[in-house]
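Reading through the structure tokens given below for one structure.
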Amino acid sequence: MSIPEEMKAQVLAYCREPEPDAESLLVLNQAWDSSAAYLEGAGVSQPPAENTARTALWLSVMLPMVLDEYDQREAQIPERTLQDNPAFRRRLNQLKQTEPPMQE
């Protein structure tokens, strides 16, 4: 899986990579996939429809995760000093609370 075509321009703009080379695009796709997997593991699915409030909320969590992983691609962090972002955490919690029930 990779960044959906309909969201690619938005992701590239958010990550400030308007014309990424092949290597950067590969890293961005990997960051997208790992962020999507994280959210799925947290019980948050991608909303099926675009231009909804839930899609905007989902993207407000997804895009910072992609950017963070993309920015950290070559970082050497000896003592895990990264700070948790409370606004991000609140958005993730809101997404979890608005997750539609699973259909059987």
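The figures here come from the full heavy-atom set of this structure, side chains too, leaving out hydrogens, waters and symmetry mates.
In terms of the side chain to side chain contact (heavy atoms under 4.5 Å, CB included) criterion, residue partners of Ser24 (sequence neighbours excluded) are, by chain and number, Pro20, Asp21, Tyr70. In this structure Arg54 satisfies the salt bridge (charged side-chain N to carboxylate O under 4.0 Å, His left out) test together with Glu99, sequence neighbours excluded. With sequence neighbours excluded, no residue forms a salt bridge (charged side-chain N to carboxylate O under 4.0 Å, His left out) with Glu40. Among residues two or more places apart in sequence or in another chain, the side chain to side chain donor-acceptor pair (under 3.5 Å) test is passed with Ser2 by none.
Within the structure, the ring pair (Phe, Tyr, Trp, His ring centres under 6.0 Å) test picks out no pair touching residues 5-30 (sequence neighbours left out). The ring pair (Phe, Tyr, Trp, His ring centres under 6.0 Å) contacts involving residues 20-63 comprise Trp32-Trp58, where partners must be two or more places apart or lie in separate chains. Applying the salt bridge (charged side-chain N to carboxylate O under 4.0 Å, His left out) definition to pairs two or more places apart or across chains, those involving residues 5-16 are Glu5-Lys8. Here salt bridge (charged side-chain N to carboxylate O under 4.0 Å, His left out) pairs that include residues 25-39, with residues two or more places apart or in two chains, number zero.
Contact detail for Glu69 and Ser35: the closest heavy-atom pair is OE1-OG, 4.3 Å. Summarising the geometry of Ile3 relative to Asn29, their closest heavy-atom pair is N-OD1, 3.0 Å, with the distance given to 0.1 Å. For the residue pair Pro64 and Leu59, the shortest heavy atom distance occurs at CD-O, 3.8 Å.
Pro18 has its side chain out of reach of Leu12: every pair of non-hydrogen atoms, C-beta onward, lies at least 4.5 Å apart. Between Leu92 and Leu39 the shortest side-chain heavy-atom distance falls below 4.5 Å. The closest side-chain heavy-atom distance from Arg91 to Lys96 is not below 4.5 Å.
Of the inter-residue distances, the one linking Met7 atom CE with Thr55 atom OG1 reads 6.5 Å to the nearest 0.5 angstrom. Between Met65 atom CE and Ser60 atom OG the span is 11.5 Å, to the nearest 0.5 Å.
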